[in-house]
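What follows is a set of notes on a single structure, which appears directly below.
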Amino acid sequence: MADRRVARVLWTLLATLLLAACSTGVPPSDKVVVVSPVPPAQQPGESSGPGSGPRPGLSEAQVAQGFMRAMATGDPDRVLPWTVPDKAAQAQVQAWKSGRAVSVYHGEFQPQAAIDDRDSDDRDQKLVTVRLQLVGTLDDHRWVPDSRQVDIQLRLRQVAGEWRVANPEKAPWIDDTDFKQRYRPVVLFLVAPDQRHLAPVQVFLPRPAPGTPQVVALRMRAEATMRALLAEPEGRVSRTLTSAIPPDTELRRLDYVDNLVSVDLSGGFAASTGGSGAVRVGQVVWTLTRLIPTATVRVTVDGRPAGVLGPDRFNAAKAWRRSMPPLGDLFTGLWPQRPDGPGGLAFAHNGDLYTTGLTTSVQPMPLPFNATGQKIAPTWAPHGNRLAFLLLGDGGAPSLWIGSGDVLTVKPSGVHGGLSAPSWLPDSSKLLLLRRAGSQVELLGVVPGMPGPSKLVLAPMPGGLQPTVLRVSPDGAFVLGVGASRQAKFGDGGLLFLGLLGPTGVVDWFPRPVAPGLGQVFSPVWVDSSTVAFIGRTGNKDDLGKLWIMDADGWDPTPLLNLDPTSETAIDIGDQLTVDPTGNRFIFVVQSEDGTSLWMIDRLGASLRQLTSPGINGFDSEPSFATR
């Protein structure tokens, strides 16, 4: 009997447990329930977002992918959980916060299968290769464009059984979308080689956090920009550009209220050493008003009015805008403006020189310089008081001639040989041109009225290339150079490089071309001191050429003229380009079966129209305004 009672108790307990299990989650009687097999446990995967860190059990490829996505945000704090807890690795990631160096890529990335690290005897280390399409890099905050496809190798090491990245890069890799959201270009004004002008240098600084009020964001950006200005010029720009601000100057405080920027600097700003007081103030005012164009700037030193500064005894006590004299007078020429003359466009037509206005109703007028031979490559001086051109004599070798702006006089310069089209310095005091000497190219300087040229420094171009075109910037600090093979002729297309121009010549080149991936570059021009334009040709069968405009460092190339080659109205824009002195209208040569003619388009890529007609076998070429 006792055994039966025990059995009944056990059966009752079992029935109670079964009833409890069945009653849990019992659906309402009017609902249909579909019973399916229980899914398998979810496999470890990436974190749902780059900031939540890795989950346990990730594979090597998943860790590499999570690390790359966290790095793409530009936030080092999101990257740290994906790296090994090693002091060196963690410090490397923390160093990214300076924002001085960044690598930017475009598109998706795909980690390849992990392989053993051959350089390590540790079986807990793997290598994962990630292929990326490079767009460019920041080097000391400066943009360096690049279009290579690169492979980076991430070394992974197990930490407590989980894979983590052991070799974070010296600079973070950020995709181009995140880069544009997190960084913004600003312009710093440094001192040009002639010590009388300012030269703009574009750098990229991190943006304020999203949601920051506009006034606060402007103040934060102004403060970061001033700190960047006060830092000594570094890298290649230090070869020619300097700062008049004494090197021990520090920013004590910056306020932005009612459109007034108040900048309080340390006592070093008023030191007797350093450059001109006007240039010191000019650097501060021009830099801040380029950032906030409507602002007025007041400079104080240790909380007191700046007073008299520098060897020129410049009184900096009042509030300034860059257009106020003498600041505006000291730094003219940096921005587009119409020169003293001429009012028209110079161009070559069947070996003679002509000038015309920028309307179709104006008839071209000949420039009757008394020089026998075929005239090519006309180049107005920036002030419009001279016109330089090349003259092809009976022997075929060109010689350089210089005529007056009123076309009444013309004289040979005494320079001849294999010459390139000349380029004027901004103050019209000197011409620069290339001359081929055997297998080499040399740079010459020609002062109008002075006998003989001077041979200037011409730094070797990257990759063993030789310049075929040279164009001087409006501030006299930089040159655009087209580099091609030694067999190329002057005027031929090639890769576009930015060079540094000093008193002795072209002293250095930036190592990578500034328009990679846009084809061969022809006829680059300076639109203003920070913007360039050129014609690019990819070499494809149907490519009619594109007119590009971009920042001088290669940032943000934009096609202004990109016509569909299959269109009935498509035109071949040729290889020659100029820009009017306002920087608003581009003139280029169009090729047709009847010959060549000049066309014009504005900076917005609109108002395309024809300026001259080719007629029968007519050839209009080499348009030129004041050299840009």
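Given the structure is predicted, the values throughout are model-derived calculations rather than measurements. Along the sequence shown, residues are numbered consecutively beginning with 1. The figures here come from the full heavy-atom set of this structure, side chains too, leaving out hydrogens, waters and symmetry mates.
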Is [X] reaching over with its side chain to a backbone N or O of [Y], donor-acceptor style, under 3.5 angstrom?
X: R280; Y: G275; value: yes
X: S423; Y: V472; value: yes
X: Q283; Y: F189; value: yes
X: D140; Y: R142; value: no
X: S523; Y: Q576; value: no
X: R184; Y: P208; value: no
X: D258; Y: L260; value: no
X: T531; Y: D528; value: no
X: R290; Y: L188; value: no
X: T355; Y: L345; value: yes

What distance do [X] atom [atom1] and [Y] atom [atom2] have between them, rounded to the nearest 0.5 Å?
X: L433; Y: L470; atom1: CG; atom2: CG; answer: 9.5 Å
X: M450; Y: S429; atom1: CE; atom2: OG; answer: 12.0 Å
X: D553; Y: S530; atom1: CG; atom2: OG; answer: 9.0 Å
X: L190; Y: L198; atom1: CG; atom2: CG; answer: 8.5 Å
X: L560; Y: I535; atom1: CG; atom2: CD1; answer: 11.0 Å
X: L547; Y: I573; atom1: CG; atom2: CD1; answer: 5.5 Å

Of the non-hydrogen atoms in [X] and [Y], which two are nearest, and what is the gap between them?
X: D312; Y: G277; answer: OD1-N, 2.7 Å
X: A317; Y: P305; answer: CB-CB, 4.5 Å
X: A606; Y: I601; answer: O-CG1, 3.2 Å
X: W526; Y: V479; answer: CZ2-C, 4.0 Å
X: M461; Y: F497; answer: CE-CD1, 3.6 Å
X: L265; Y: L251; answer: CD2-CD1, 3.9 Å

**Request:** Could you tell me if the ring centre of F179 sits under 6.0 Å from that of W143?
**Result:**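 For F179 and W143, the ring centres are under 6.0 Å apart.
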
**Request:** Kindly indicate, with the supporting measurements, whether the criterion side chain to side chain contact (heavy atoms under 4.5 Å, CB included) is fulfilled by L500 and V506.
**Result:** CA-CA 6 Å; L500 294 170; V506 179; over 6 Å; no

**Message:** Name the residue from L518, D575, V469 that meets the side chain to side chain contact (heavy atoms under 4.5 Å, CB included) definition with F534.
**Reply:**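 Single side chain to side chain contact (heavy atoms under 4.5 Å, CB included) partner of F534 among L518, D575, V469: L518.
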
**Request:** Report yes if some heavy atom in the side chain of I587 is under 4.5 Å from a heavy atom in the side chain of F347; otherwise report no.
**Result:**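 Side chain of I587 against side chain of F347, heavy atoms only: no contact under 4.5 Å found.
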
**Message:** Any non-hydrogen side-chain atom of V144 less than 4.5 Å from a side-chain atom of F510?
**Reply:**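 No, their side chains stay 4.5 Å or more apart.
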
**Request:** Please report the C-alpha distance between F586 and I549 in whole Å, then the side-chain angles of each, then the deciding distance to 0.1 Å, and finally whether the side chain to side chain contact (heavy atoms under 4.5 Å, CB included) criterion is met.
**Result:** CA-CA 10 Å; F586 297 94; I549 185 171; 3.9 Å; yes

**Request:** I would like to know whether T137 and D139 meet side chain to side chain donor-acceptor pair (under 3.5 Å); could you show each step before the answer?
**Result:** CA-CA 6 Å; T137 60; D139 182 5; over 6 Å; no

**Prompt:** If you draw a 6.0 Å radius around CD in E234, do more than 12 non-hydrogen atoms from other residues or ligands fall strictly inside?
**Reply:**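 Atom CD in E234 is crowded, with more than 12 foreign heavy atoms closer than 6.0 Å.
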
**Item:** Aromatic plane relationship, W555 with F204 - under 30° parallel, 30 to 60° tilted, over 60° perpendicular
**Value:**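 Geometry flag for W555 against F204: perpendicular rings.
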
**Request:** Please determine if R252 and D264 form a salt bridge, counting it only when a charged side-chain N lies under 4.0 Å from a carboxylate O.
**Result:**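 Counted as a salt bridge, because a side-chain N and a carboxylate O are separated by less than 4.0 Å.
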
**Request:** Answer yes when D602 and R585 have at least one side-chain N-carboxylate O distance shorter than 4.0 Å, and no when they do not.
**Result:**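 Answer for the salt bridge query: no.
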
**Prompt:** side chain to side chain donor-acceptor pair (under 3.5 Å) between E232 and S238: does it pass, once the steps are laid out?
**Reply:** CA-CA 8 Å; E232 282 293 289; S238 63; over 6 Å; no

**Asked** Taking D580 as the fixed residue, which of T582, T578, N584 is the one that meets the side chain to side chain donor-acceptor pair (under 3.5 Å) rule?
**Response**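 The passing option is T582.
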
**Request:** Assess whether side chain to side chain contact (heavy atoms under 4.5 Å, CB included) is satisfied between W509 and L458, documenting all intermediate values.
**Result:** CA-CA 10 Å; W509 298 94; L458 180 58; 4.3 Å; yes

